[in-house]
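Residue numbers run from 1 in the order of the sequence given. In this text the structure is predicted, and so the values were computed from the model without any measurement.
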Amino acid sequence: MRLLVRCIAAAILVGSSGCSGNGTSNDSGNVTAGDNESSGDSGGGKANGGSGDTPDPRDAGSDVTGGAPVPGASAEGWKSAYVEGGKGSNCNQTQVEMTAANLPSLTFGESTLFVGFEQVGQNQNPIFARFDSGKKVYCEHHESEGPDGRAVGLTWDGGEVAYVVYTIVGGGSSLEGKSGWLPSYAPGAISGGGPKVSVVGKVNVIHGELERATFVIAIKSDNKVNSHGPAGPVTVLKNGSVEFFGGSAHKPIDADGKSAMNCTDYPFESHYVFEQDLSKLVCAECSNCKSQRPCE
């Protein structure tokens with residue numbers, strides 16, 4: 001995908017300048033052939049996009065977004081770290097060991113936060129850990145149920161709140177029911193399945209508790225969940241809103257939280273902005289799609 005592909009490699013650590021905390025959107029692990037709709041369905045076909053001869057839908061005078069959404073400017077003091085696919089670790093590791101394992105991490109003063117995932121048998125559980133002056137304060141698993149969960153991105157300004165980007169394969173986990181804009185893997189009449197989707201969480205750094213979380217999914221034409229992967233960590237914008245970029249294998253969910261956007265073709269490069277506590281959506285848009293509440 002085009003979205004900020006030059007901004008990060010496998011891992012990033014950025015501040016308020018540069019790429020605004022947003023990274024690469026390599027489709028590996030996010031969009032798979034098995035997640036795609038058939039070519040006969042609008043927006044379906046191959047995950048790597050349609051023909052290069054496809055006309056820009058804006059040429060026809062529609063209000064469909066043609067190009068990739070543009071990131072906003074980060075609020076001062078916020079930094080981000082991200083590793084596509086995340087990094088494996090465990091809560092028995094020291095700060096030195098987590099650093100050597102290249103987990104996404106951020107340090108302010110004497111405090112360092114790490115995110116990653118722990119492999120437990122056949123299951124994966126996301127990790128959120130804090131160390132002060134090299135001593136472990138806590139290491140939390142924000143979900144430990146059957147679905148595979150990973151924490152892949154972190155955004156923090158050294159204060160009491162951090163934002164974490166997760167991926168989760170399937171529903172039925174502790175990431176659900178956290179009063180976010182989209183509080184579950186398969187909300188309302190949308191049916192589940194098993195594709196990997198994204199979750200944005202608001203974490204209390206003092207205790208390591210996940211306080212809020214919103215899912216970001218795609219929807220197939222049969223109203224089942226389809227894959228939607230992150231393109232990088234979130235950005236906290238100057239007005240306090242939380243900006244998320246991602247990419248989906250089919251049409252991303254629209255602002256009503258229950259239907260898919262009206263899309264014409266691949267790629268689906270999505271952009272969601274949430275209120276500071278993640279409880280409400282500010283706006284949503286996607287390349288080659290028409291949204292109910294586009295971003296200005």
Side-chain angles (χ1 to χ4, degrees), residues 10-14 21 23 29 78-180 185 196-215 230 232-234 236 242 277-278:
I12 65 171
L13 178 61
V14 297
W78 288 87
K79 297 181 180 181
S80 294
Y82 178 78
V83 172
E84 185 171 353
K87 284 289 187 177
S89 180
N90 67 73
C91 283
N92 293 322
Q93 287 188 322
T94 65
Q95 178 172 341
V96 172
E97 290 170 330
M98 286 190 178
T99 300
N102 294 319
L103 272 68
S105 66
L106 292 172
T107 298
F108 284 88
E110 298 178 349
S111 297
T112 299
L113 299 182
F114 292 90
V115 296
F117 66 92
E118 183 170 356
Q119 187 79 37
V120 182
Q122 298 298 312
N123 194 32
Q124 296 173 352
N125 303 321
I127 284 176
F128 183 88
R130 174 182 169 181
F131 292 82
D132 285 357
S133 300
K135 182 179 179 180
K136 186 182 298 178
V137 179
Y138 55 71
C139 183
E140 299 292 333
H141 296 94
H142 288 158
E143 72 88 18
S144 57
E145 291 80 15
D148 285 339
R150 299 184 179 192
V152 298
L154 174 65
T155 301
W156 188 35
D157 69 345
E160 295 185 4
V161 171
Y163 294 95
V164 178
V165 173
Y166 311 84
T167 60
I168 188 80
V169 181
S173 78
S174 296
L175 299 180
E176 297 183 287
K178 295 295 184 181
S179 302
Y185 177 86
K196 180 191 300 180
V197 301
S198 301
V199 181
V200 178
K202 175 177 173 281
V203 179
N204 181 317
V205 172
I206 304 301
H207 306 293
E209 177 186 3
L210 176 62
E211 295 183 334
R212 295 260 190 180
T214 180
F215 284 70
V234 300
V236 176
V242 179
D277 67 355
L278 306 180

Over all atoms of both residues, closest heavy-atom pair of [X] and [Y]:
X    : Y    : result
N204 : Y138 : O-OH, 4.2 Å
G170 : P147 : O-CB, 3.8 Å
P126 : A151 : CB-N, 3.7 Å
G149 : I168 : CA-CD1, 3.7 Å
N123 : S144 : ND2-O, 3.9 Å
L210 : V203 : CD1-CG2, 4.0 Å

Side-chain heavy atoms of [X] within contact of [Y], under 4.5 Å:
X    : Y    : result
I127 : F117 : no
N125 : V120 : yes
V197 : Y185 : yes
P230 : T167 : yes
Y166 : E143 : no
S105 : Q95  : no
V236 : D157 : no

Hey, what do you get for [atom1] ([X]) to [atom2] ([Y]), rounding to the nearest 0.5 Å?
X    : Y    : atom1 : atom2 : value
Y163 : W156 : OH    : CH2   : 14.0 Å
S174 : H141 : OG    : NE2   : 12.0 Å
T107 : F114 : OG1   : CZ    : 6.5 Å
K136 : M98  : NZ    : CE    : 5.5 Å
T99  : Q93  : OG1   : CD    : 9.5 Å
T214 : K202 : OG1   : NZ    : 13.5 Å

* Asked: Would you call D132 and R130 a salt bridge, taking side-chain N to carboxylate O under 4.0 Å as the test?
  -> yes
* Sole candidate of L103, V83, V115, V165 that passes side-chain contact (heavy atoms from CB on, under 4.5 Å) when paired with L154 -> V115
* Give a yes or no on this: more than 12 heavy atoms of other residues, nucleotides or ligands lie within 6.0 Å of atom CD of E160. => no
* Within 45° of the ring axis of F108 and under 6.0 Å from its six-membered ring centre, is that where the NZ or CZ of K79 lies? -> yes
* With no hydrogens and no angle check, is any side-chain donor or acceptor of E84 less than 3.5 Å from a backbone partner on G86? -> no
